[in-house]
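Read through the structure below, which is laid out as structure tokens, and then see the notes.
Atoms within each ligand, like the ligands themselves, are counted from 1 in listed order.
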Amino acid sequence: MINANPRQIEVLLPTVVEHGFDYLMPEGVTLHAGDIVTVPFGRKETLGVVWGAGKANIPEGKMKCVLQHLDQFPPLSESMRQFIDWTAWYNCAPKGAILKMVLPMDDIMKEGRKGTAAFIETNINAANIRLAHLSDIQTQAAEKLTQCLGQGFSVQLLDGVTGSGKTEVYFEAIAKTLATPHSQCLIMLPEIALSIQWLERFEKRFGFKPVVWNSEITPARKRESWKAISKGDAPVVVGARSGLFLPYKHLSLIIADEEHDGSYKQEEGVIYHARDMAVARARFEKIPVILASATPSLESYHNAQAGKYKEITLSARHNDAVMPTVEMLDMRSVELERGAFISRPLRDQLAKALADGHQSMLFLNRRGYAPLLLCRACGHRFQCPDCSAWMVVHKKKGSPNQQPTAQNSYLQCHHCSYRIPFPKTCPTCQAEDKLAACGPGVERLLEEVHEFLPSARVAVMASDSMGYTEINETIRAMTDKRLDLLIGTQMIAKGHHFSDLAIVGVVDADLGLAGGDLRAAERTYQMLHQLSGRAGREQIQGRVYMQSFLPEHPVIKALVSGDRNAFLAAELKARKNANMPPFTRLAALIVEGEKEELVMKTAKILASTFPTSPQLHLYGPAPAPLFLLRGKFRFRLLIKAERQINLPKLMKEWVDVQEAPSSVRIKTDIDPQNFL
Ligand code: ADP
Ligand code: ZN
């Protein structure tokens, strides 16, 4: 070791850097690993965290000195630092980029800041905590579940059918954890929309508000929350993915609700899977983690079968509510009016529910009015100039039921948000009045419903059209029965509890199966099963109708039969036969840049330097399905490795030595979920 200077330390900065920089400790000050400091960096003063002894061989005179020790903040614990190191290593991401998620605001520690301090509730009043009244099977599940508390690291898969009361059961684990002073619980929910009903239930049960951590909170609240969390003053934190990276003082329990949900995968910036990172974090903190779902991911299900995770099942709905019936409507033979997308039998069911005073949902995982605009004269299709994607037709808000026109509509790319007015003529053949909106989106369903159920109170819920407040308002309107029918994309499929929901209609059950990537079947099953699970959660019998052109498809058949475990077993077997995850591991490289030639060349060089081994397999390079995205050309390489291979190490040794042109970016995606 060349480190001769005991005052030399490594300081990691929350910015995209692979490792820390060396600084000197100030005269007469001793700093320890984890201490939060400020240092000069370039011309600026920036935050940093002492990572350990310095290593670089730099003459003392050339080294800068740490400016200040922010000792009003607890140091990052060893387990936290290990987690940061490990997360960076596992995901092939720069360490500093992970630290940035831990210290998300530059000004987080600045003292004497003006502005309204946000109030964070930090005291639990035991008198306000209500006792749970669990059913017998819930009590048994809760007893099994809570055995893990205080016993170090373990993973429990809380596998309960929709409406079985998983939330109530894991609330018991929270209650027990909070009984020990200074404990902190983190609950991750995959979608902000889900937190609304959840927060109300939590407050009812525990009598206080948890700290909410997501992209919607104000900077002031974020700062206050961060401080409370780091000082151990926030007993319960509920958040999205990013809540996982906060420096809890006494983290005692992590819960990942809807653990199968695809939005746990962060696809921008640092690419990571928050559910998997939650398990890792629990391992470093030596605490239990609970994964809850009615449709566990194949990975978690497989781990439970293998005995790595403890499985706790709830096999019936709470309070004698029965599971919904699922019926397939074979679109090859079912009656459909011209220009309509909702078949006669589904319309009849929606009409009946309305007449009976019950609620319904219509699901179509397509935002906008129509997914494609086509010229009927020459066949021209409107494409985004910067993406390999069609421009989606959107109706302006409040336009009446009419064909889309230049007055009432516009076109938008769903990948880059590029927007143009609805064209008057075809740019290729100049034909007028020949432009046809093809296929349905949720906005178009709304118009169709207005036609055949004119008296129904209907709303659309889709992520692009709504902010948090509007989503909140729509969910409340549904809960308070001020709506008869909710039309929506995947946002309506998850977690919600609407007591009077009788009918769920799936307009296109085949949509997610097209293209058929590795996870298409699993994902489609999870989404449609979760969606079905919204129906009939209390007194009324729920009925689900799925319109499909592929009634023989195993996913559709499994949804109708309701035999989830048979589906999972078949899917696992197929994965095993194809030697695919969870039996092997995948990593993807996405090579992208504005110059197609250079991107392709880089991808080819990468392929040519890929190490050969019988335990490794390389697919590609191939143009990505989204070949052009935001003006960048994209090639993909997919690596499959036997499980004993050290994948991050392999990726590092292979990719990091490549000298890619500066205009070309290589992104590593470990355990890829999407293949776009
Ligand atoms: P899941 O998450 O398994 O789909 P939930 O936890 O949302 O199920 O429970 C479904 C519904 O049943 C919720 O409205 C919940 O409040 C209610 N519920 C479940 N268990 C109980 C219980 N023990 N006492 C009262 N209500 C319960
Ligand atoms: Zn685009």
Give the residue, atom name and distance (to 0.1 Å) of the protein heavy atom nearest [atom].
atom: atom 3 (O) of ligand 1; result: Lys166 NZ, 2.7 Å
atom: atom 16 (O) of ligand 1; result: Glu168 OE2, 3.2 Å
atom: atom 10 (C) of ligand 1; result: Arg537 NH2, 3.7 Å
atom: atom 20 (N) of ligand 1; result: Gln138 NE2, 2.9 Å
atom: atom 4 (O) of ligand 1; result: Gly163 N, 2.7 Å
atom: atom 9 (O) of ligand 1; result: Gly165 CA, 3.5 Å

Parallel, tilted or perpendicular: rings of Phe627 and Phe635 (30°, 60°)
perpendicular
Could you label the plane-to-plane angle of the His496 and Phe498 rings as parallel, tilted or perpendicular, counting under 30° as parallel and over 60° as perpendicular?
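Geometry flag for Phe498 against His496: parallel rings.
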Quick one: are [X] and [Y] in side-chain contact, heavy atoms under 4.5 Å?
X: Phe382; Y: Leu374; answer: no
X: Ser532; Y: Met546; answer: yes
X: Phe202; Y: Pro210; answer: yes
X: Asp517; Y: Arg523; answer: yes
X: Ser293; Y: Asp159; answer: no

Does either side chain, that of Ser561 or that of Asp563, offer a donor lying less than 3.5 Å from an acceptor on the other one?
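Side-chain D/A pair, Ser561 to Asp563: absent.
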If we ignore angles and hydrogens, is there a donor and acceptor under 3.5 Å between the side chains of Gln140 and Lys144?
no
Return the CG to CD distance between Leu531 and Gln526, rounded to the nearest 0.5 Å.
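Leu531 CG to Gln526 CD: 13.5 Å, rounded to 0.5 Å.
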At less than 4.0 angstrom from any non-hydrogen atom of [X], what atoms of ligand 1 do you find?
X: Leu134; value: 23 (N)
X: His133; value: 22 (C), 23 (N), 24 (N)
X: Thr162; value: 4 (O)
X: Thr167; value: 2 (O), 5 (P), 6 (O), 7 (O)

Val161 and ligand 1 - part of the residue with a heavy-atom distance under 4.0 Å:
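The answer is the backbone.
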Taking atom 5 (P) of ligand 1 as the point of reference, which of His497, Arg201, Arg317, His318 owns the nearest heavy atom?
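Shortest heavy-atom distance from atom 5 (P) of ligand 1: Arg201.
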Tyr264 six-ring centre to Arg275 NZ/CZ under 6.0 Å and within 45° of normal:
no
Quick one: name the protein N/O/S atoms under 2.8 Å from the Zn ion (ligand 2), chain by chain.
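As for protein N, O or S atoms lying under 2.8 Å from the Zn ion (ligand 2), they are Cys384 SG, Cys387 SG, Cys413 SG, Cys416 SG.
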ring-ring contact (aromatic ring centres under 6.0 Å, His included) between Tyr369 and His394, worked out:
CA-CA 5 Å; Tyr369 182 85; His394 281 259; 9.3 Å; no
Does Arg444 reach the main-chain N or O of Gly439 with its side chain, forming a donor-acceptor pair under 3.5 Å?
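Looks like yes, one N/O pair under 3.5 Å.
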Out of curiosity, is Ser164 lining ligand 1, as in a heavy atom under 4.0 Å away?
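Within the 4.0 Å threshold, so yes.
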Do Arg534 and ligand 1 have an N or O pair less than 3.5 Å apart?
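Checking ligand 1 against Arg534, no N or O pair falls under 3.5 Å apart.
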